[in-house]
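What you see is a predicted model; the values in this text were computed from it and never measured. Hydrogens, waters and symmetry mates are skipped; everything else that's a heavy atom, side chains included, is used. Numbered from 1 within each chain, the chains take letters A, B, ... in sequence-line order.
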Amino acid sequence: KNEVEQSPQNLTAQEGEFITINCSYSVGISALHWLQQHPGGGIVSLFMLSSGKKKHGRLIATINIQEKHSSLHITASHPRDSAVYICAVRRMGGNQFYFGTGTSLTVIP
Amino acid sequence: KAGVTQTPRYLIKTRGQQVTLSCSPISGHRSVSWYQQTPGQGLQFLFEYFSETQRNKGNFPGRFSGRQFSNSRSEMNVSTLELGDSALYLCASSFLTVTNNSPLHFGNGTRLTVT
């Protein structure tokens with residue numbers, strides 16, 4: 001049983017397209033993180049959410065606590081956005097982290 | 001401001017040996033957490049330290065241990081290495097402890113190969 005499910009697993013888009021990656025979770029959480037991992041392994045934290053919506057440049061993250069669902073949107077996608085995007089949740093109470101399996105995004109020029 | 005530094009970047013060990021990995025957090029960060037990433041299991045949480053105390057632990061055997069020093073630097077030790085321990089080991093630091101969520105800052109990881 002996976003506490004965190006992401007979809008799609010793989011995504012190929014043309015440059016300029018609007019992209020949505022979804023994350024559903026089954027446990028009560030205190031926070032949800034969206035992470036970006038480029039080839040070579042380095043991970044960058046994009047957003048930390050506990051409610052509502054956050055925007056940073058072309059990236060937007062939303063969370064619906066009642067529905068246990070979050071989305072990461074990329075507007076006007078660019079080849080440099082090609083990476084693996086990982087959803088992670090911090091469980092309420094136990095405080096453990098659970099991770100989705102990641103969405104591999106390829107943006108074609 | 002220097003980022004999170006993990007050493008070494010690459011490590012090759014044989015089965016049965018032990019290994020120690022090091023993580024230096026961003027200055028001022030008192031929380032350090034460790035993660036294992038494998039192609040089969042993805043990212044998994046190992047443990048988290050705050051002010052030299054282990055605050056949280058994932059579902060890993062006792063062969064995996066860690067500690068944090070007074071300067072917030074952390075080490076992770078794996079004893080009696082198994083082939084399945086081959087993975088990328090990542091650490092992350094954050095400003096606050098687990099009960100107060102704050103963004104994670106990841107190091108570049110240590111890639112461990114067990115032969």
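Of the two parts of B/Tyr35, only the side chain, counted from C-beta on, holds a non-hydrogen atom closer than 4.5 Å to a non-hydrogen atom of chain A. Contacts of B/Leu90 with chain A are made by side-chain atoms alone, with heavy-atom separations under 4.5 Å and no backbone atom involved. Proximity to chain A involves both the backbone and the side chain of B/Leu104, based on heavy atoms less than 4.5 angstrom apart. Only the side chain of B/Gln37 comes within contact range of chain A, with heavy atoms under 4.5 Å apart.
Placement of B/Leu21 and B/Leu81 within a single hydrophobic cluster is found when ILVMFWY residues are connected by side-chain heavy-atom separations under 4.5 Å, directly or transitively. With hydrophobic clusters built from ILVMFWY side chains whose heavy atoms lie under 4.5 angstrom apart, A/Val107 does not share a cluster with A/Ile86. Using a 4.5 Å cut-off between side-chain heavy atoms of Ile, Leu, Val, Met, Phe, Trp and Tyr, with links allowed through other members, A/Phe99 and A/Val89 fall into different hydrophobic clusters. In the hydrophobic cluster analysis, where Ile, Leu, Val, Met, Phe, Trp and Tyr join through side-chain heavy atoms closer than 4.5 angstrom, A/Leu46 is grouped apart from A/Ile60.
Atom CZ of B/Arg15 has 12 or fewer heavy atoms from other residues, nucleotides or ligands within 6.0 Å. The 12-atom threshold is not exceeded at CD1 of B/Ile12, counting heavy atoms of other residues, nucleotides or ligands nearer than 6.0 Å.
Here A/His33 contributes atom NE2 and B/Ser94 contributes atom OG; the two are 8.5 Å apart, rounded to the nearest 0.5 Å.
Proximity of A/Arg91 to B/Asn56: side-chain heavy atoms (C-beta onward) are nowhere separated by under 4.5 Å.
The two residues B/Lys57 and A/Gln96 have their closest heavy-atom pair at O-NE2, 2.9 Å.
Ranked by non-hydrogen atom pairs under 4.5 Å with chain B, the options A/Ile43, A/Leu35, A/Thr101 are led by A/Ile43.
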